[in-house]
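Worksheet: one structure, shown below.
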Amino acid sequence: MASAIFTLMFLATMVLLQLMAVAQTDGSKPVGASITANDDAPPWLSSSGEFAFGFRQMENKDYFLLSIWYEKIPEKTVVWYAMGEDPTDDPAVSRGSKVELTADSGLVLTDPLGNRIWSSDGFQSTVSSGVMNDTGNFVLQDRNSVRLWESFTHPTDTLLPTQIMEAGGIVSSRRTETNFSLGRFQLRFLYDGNLVLNSMNLPTKFAYDAYYISGTYDASNSSNSGYQLIFNESGYMYILRRNGLREDLTKTALPTTDFYHRATLNFDGVFTQYSYPKTSSSNRSWSPVWSEPENICKFNSIWGSGACGYNSICSLSVDRRPNCTCPQEFSLLDQNDKHGSCIPKSEISCKDTGQNSSEELYDFVELRYVDYPLGDAERLENQNDEQCRKACLNDCLCGAVIFSGKDCWKKKLPLSNGRLDSGFNGNTFIKFKKGYLPPGNPGIQIPETKTGRDIKFITGIVLLVSSVFVNFILISTFCFRSSFIHRNKVANVRGENNVQSNLRSFTYKELTEATEGFKDELGRGAFGGVYKGTIKTGFTDFIAVKKLDGVVEHGEKEFKTEVNVIGQTHHKNLVRLLGFCDEGQHRLLVYEFLSNGSLADLEISGTRAILTDWACDCYRYGTLEALIQNDTEAMNDESTLERVLKVAIWCIQEVPSLRPTMRKVTQMLEGVVEVPAPPNPFPFNENSYS
Ligand SMILES: *[C@@H]1O[C@H](CO)[C@@H](O)[C@H](O)[C@H]1NC(C)=O
Ligand SMILES: *[C@@H]1O[C@H](CO)[C@@H](O)[C@H](O)[C@H]1NC(C)=O
Ligand SMILES: *[C@@H]1O[C@H](CO)[C@@H](O)[C@H](O)[C@H]1NC(C)=O
Ligand SMILES: *[C@@H]1O[C@H](CO)[C@@H](O)[C@H](O)[C@H]1NC(C)=O
Ligand SMILES: *[C@@H]1O[C@H](CO)[C@@H](O)[C@H](O)[C@H]1NC(C)=O
Ligand SMILES: *[C@@H]1O[C@H](CO)[C@@H](O)[C@H](O)[C@H]1NC(C)=O
Ligand SMILES: *[C@@H]1O[C@H](CO)[C@@H](O)[C@H](O)[C@H]1NC(C)=O
């Protein structure tokens with residue numbers, strides 16, 4: 001009897017050992033398994049040994065990164081890393097830190113003193129094992145193999161084949177190639193169905209203007225809008241629309257049997273798909289398959305520094321990556337961050353006076369074909385370059401001037417969105433203090449190549465304008481006749497005034513009553529309707545109430561801030577916002593109601609769209625013709641008319657994320673900022689000209 005029990009126990013042990021052996025080869029680890037960060041801590045491998053999970057030693061050998069990497073590639077390319085919620089944290093941890101697989105929190109990373117640094121979270125059940133899958137996905141599962149947490153649903157800067165990104169998904173760049181702290185750039189799949197690239201503020205993560213937009217949002221029929229970003233097992237990345245159609249990002253991919261694939265948002269903001277030969281060839285490396293955007297140096301954002309840091313100049317490398325350089329007489333703020341800001345070697349100052357004239361104190365660095373658009377302080381007309389420089393020399397607040405044609409723009413430091421642009425017919429002159437460093441600067445030299453693209457584009461717009469607004473041919477041809485080539489920049493940066501917002505805060509009950517239970521619908525967008533109502537507002541009796549009930553994921557404070565921005569914005573071409581309602585789930589905007597227009601065709605795609613959308617309302621109220629005719633200033637001045645028209649075309653962009661923010665619209669209308677040539681507003685239209 002005893003021997004029988006012994007035999008049974010022996011058999012059971014054998015089975016257990018077998019099971020454990022199987023568990024090891026299929027890349028799975030039981031609860032309790034751990035790795036400690038030191039020089040030779042073995043990682044957890046996937047069953048094929050292609051991917052590894054564990055600690056990667058950093059440049060500074062006392063620091064380690066909890067990550068997943070391509071084990072069979074000599075560089076051991078990192079494809080995922082544990083990133084804390086606090087973006088200021090450096091995810092590298094010190095020697096002796098430990099990651100453990102626990103039943104209730106899954107993966108838990110602790111420092112050598114046992115303090116918790118990071119953990120996988122967001123699930124209720126009990127973890128039974130962790131699996132390093134051969135796809136590169138680390139999966140935590142319960143004892144019924146139900147997936148509780150996956151590295152694929154918590155991407156960092158890289159996506160891998162078989163990985164899917166849903167609406168709301170974000171991929172973030174790292175700080176630099178070797179620093180894995182949160183960087184300035186994001187790839188986001190928006191709820192409206194667009195895939196966008198944008199820079200952001202750190203540490204608040206406020207998203208700035210997008211510099212790439214997939215255009216997979218269909219305002220007229222949301223079933224044609226984007227639904228998922230898919231990187232399929234054959235190495236093709238595409239946006240799947242709700243109607244099942246695909247928008248291919250990868251045109252051709254090398255076979256996954258012979259090549260590894262990854263798509264990474266590089267630290268410099270360029271999103272690139274790469275492939276790497278699996279079998280050894282002499283020079284194996286990750287080669288780009290495609291990348292976006294086409295030219296990151298051309299990215300304009302009123303906030304932030306642009307593709308490079310402040311004062312820096314962006315030029316595009318052959319691989320579409322930005323090459324950032326400091327102007328002469330400037331040096332990097334942080335020597336280790338080539339893409340960071342540049343600071344003057346000697347500060348110019350209004351206290352530099354005395355006996356010596358400004359000619360004796362200052363000189364200029366000439367930067368040929370270099371432009372710093374946006375953020376101009378003053379505009380001077382009918383100047384030659386000598387007069388232009390002199391104007392800056394005699395203004396102690398002036399840090400630089402841009403001279404093009406007969407126009408001269410004074411700038412204050414720091415400069416942003418700097419770029420070398422062979423299509424820009426002008427030069428930048430940056431003021432510097434003499435006597436500190438040898439002057440004599442040839443400036444950046446580039447061969448002059450006229451880009452035919454811009455001209456084609458402008459022609460396209462002229463065609464477009466005349467085709468879309470048929471009743472509008474006269475004005476548009478008149479407007480676009482001549483002056484698209486010259487730089488349309490304007491004086492006076494508008495002061496940020498802290499005018500108390502005169503917006504009224506409505507209760508939901510009030511608005512329900514005013515609209516008789518949202519009875520009279522004027523129009524409908526993707527996230528709700530616009531309703532006619534009656535209320536005593538002090539301005540008018542009739543109101544148009546726009547429901548934003550679909551936009552609940554946005555913070556209350558953000559909503560208030562943006563509403564405040566709109567509230568402080570008044571312009572004759574724009575519909576007036578009277579108030580708002582922000583009550584629990586309910587977010588509504590209350591506009592004055594204009595009886596000769598309708599607030600139809602509205603689309604809301606997040607808080608930003610509250611702004612952009614409003615811009616559109618103003619133009620959709622009437623025909624453009626009526627709008628311009630009522631604006632005598634515009635009728636009498638060709639350049640004002642051109643400006644108003646261009647803003648209008650920006651406002652009616654079918655892709656809402658392309659529409660400018662309200663702040664930008666007013667700045668453009670008032671001529672505070674340059675109005676860039678707008679793209680084709682109807683990219684999905686068959687008669688598209690862009
Ligand atoms: C690994 O990934 C493949 C493909 O997604 C999937 O079929 C398989 O179930 C995964 N294995 C585990 C243990 O999650
Ligand atoms: C990485 O960058 C962050 C943010 O700039 C910085 O605080 C941190 O010290 C850097 N880490 C290393 C190792 O340089
Ligand atoms: C939206 O598009 C789908 C197919 O793309 C079509 O079946 C449907 O009828 C369209 N709906 C409307 C309202 O046009
Ligand atoms: C991946 O996507 C491409 C392009 O859409 C397609 O041709 C290919 O058949 C897909 N592969 C699989 C396995 O679905
Ligand atoms: C290897 O390098 C050479 C020259 O640098 C290049 O022409 C060739 O295309 C490379 N081969 C592969 C497979 O990348
Ligand atoms: C970057 O630009 C500078 C100045 O134009 C140039 O000297 C340098 O060779 C460029 N570097 C690369 C990698 O293109
Ligand atoms: C004025 O310039 C002379 C040389 O040009 C220099 O020696 C002197 O220090 C300067 N004075 C001031 C106040 O900068």
Side-chain angles (χ1 to χ4, degrees), residues 22-30 44-48 50-51 53 56-65 68 81 83-84 86-95 101 106 127-153 157 159-164 172-185 193 201-203 205 216-227 230-234 240-247 256 267 309 332-341 524-526 601 603 684:
V22 168
Q24 300 235 313
T25 51
D26 80 352
S28 100
K29 293 283 166 189
W44 298 342
L45 298 179
S46 70
S47 57
S48 66
E50 248 148 35
F51 287 97
F53 172 91
R56 279 289 309 282
Q57 202 159 24
M58 305 295 290
E59 268 183 333
N60 175 342
K61 301 237 178 277
D62 284 330
Y63 285 88
F64 296 81
L65 185 69
I68 297 170
Y81 39 96
M83 182 101 191
D86 187 348
T88 53
D89 283 348
D90 192 331
V93 297
S94 49
R95 184 183 296 276
L101 193 55
V127 175
S128 112
S129 64
V131 186
M132 184 66 254
N133 196 308
D134 273 330
T135 54
N137 189 11
F138 192 91
V139 181
L140 296 174
Q141 51 192 27
D142 68 9
R143 58 196 165 82
N144 300 321
S145 295
V146 171
R147 293 168 176 227
L148 303 176
W149 182 95
E150 299 173 53
S151 61
F152 269 15
T153 52
D157 65 351
L159 298 174
L160 292 172
T162 73
Q163 195 162 356
I164 291 173
S172 303
S173 70
R174 55 180 92 152
R175 190 74 186 72
T176 68
E177 201 62 59
T178 54
N179 184 330
F180 291 77
S181 295
L182 187 67
R184 286 199 292 130
F185 302 97
N201 171 269
L202 286 175
K205 300 189 187 172
T216 43
Y217 165 67
D218 188 339
S220 57
N221 186 343
S222 63
S223 71
N224 299 333
S225 289
Y227 168 56
I230 295 181
F231 199 178
N232 79 9
E233 58 186 283
S234 331
L240 182 66
R241 295 177 187 267
R242 287 187 183 278
N243 60 16
L245 294 179
R246 298 173 176 193
E247 197 66 44
T256 39
F267 75 94
L332 283 172
L333 179 60
D334 172 2
Q335 288 305 317
N336 297 320
D337 185 5
K338 289 203 163 30
H339 291 249
S341 295
R524 172 153 286 274
D601 304 326
E603 313 80 33
F684 311 117

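All of these numbers come straight from a predicted model, not from anything done at the bench. We're numbering straight along the sequence, starting at 1. Ligands are counted one by one from 1 in listed order, and the atoms in each one are counted from 1 as well.
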Report, as yes or no, whether the 6.0 Å neighbourhood of atom OH on Y227 holds more than 12 heavy atoms from other residues, nucleotides or ligands. no
Got D337 and R175 here, is their nearest side-chain heavy-atom distance under 4.5 Å? yes
Is there a polar contact between ligand 1 and Q141, counting only N or O atoms under 3.5 Å apart? no
Do S47 and D134 get their side chains close enough for a donor-acceptor pair, meaning under 3.5 Å? yes
Relative to the ring of F138, is the ring of W44 parallel (under 30°), tilted (30 to 60°) or perpendicular (over 60°)? parallel
Any side-chain heavy-atom pair of F180 and M58 under 4.5 Å: yes
Tabulate distances under 3.5 Å between N/O atoms of ligand 3 and N/O atoms of the protein, writing both atom names on each line.
from, atom 1, to, atom 2, distance (Å)
ligand 3, 2 (O), N221, ND2, 2.3
ligand 3, 2 (O), S223, OG, 3.2
ligand 3, 5 (O), N224, OD1, 2.7
ligand 3, 5 (O), N243, ND2, 3.4
ligand 3, 11 (N), N221, ND2, 2.9
ligand 3, 14 (O), N221, ND2, 3.3

Proximal ligand 2 atoms for D90, defined as those under 4.0 Å from one of its heavy atoms: 1 (C), 8 (C), 10 (C), 11 (N), 12 (C), 13 (C)
Counting from 1, what ligand 1 atoms have a heavy atom of N133 closer than 4.0 Å? 1 (C), 2 (O), 3 (C), 8 (C), 10 (C), 11 (N), 12 (C), 14 (O)
Check M83 against L182 and note the closest heavy-atom contact, atom names and distance. CE-N, 3.3 Å
Tell me whether V131 reaches ligand 1 (any heavy atom closer than 4.0 angstrom to a ligand atom). yes
Derivation of the side chain to side chain contact (heavy atoms under 4.5 Å, CB included) call for T216 and R241: CA-CA 8 Å; T216 43; R241 295 177 187 267; 3.8 Å; yes
Looking only at N/O atoms, are T135 and ligand 1 under 3.5 Å apart anywhere? no
Could you go through N137 and R147, starting from their C-alpha distance and side-chain angles, then the distance that decides it, and tell me whether this counts as side chain to side chain contact (heavy atoms under 4.5 Å, CB included)? CA-CA 11 Å; N137 189 11; R147 293 168 176 227; 3.8 Å; yes
Output yes when a side-chain donor or acceptor of N221 lies under 3.5 Å from a complementary backbone atom of S223, and no otherwise. yes
Examine ligand 1 and decide if any of its atoms is less than 4.0 Å from a heavy atom belonging to R147. yes
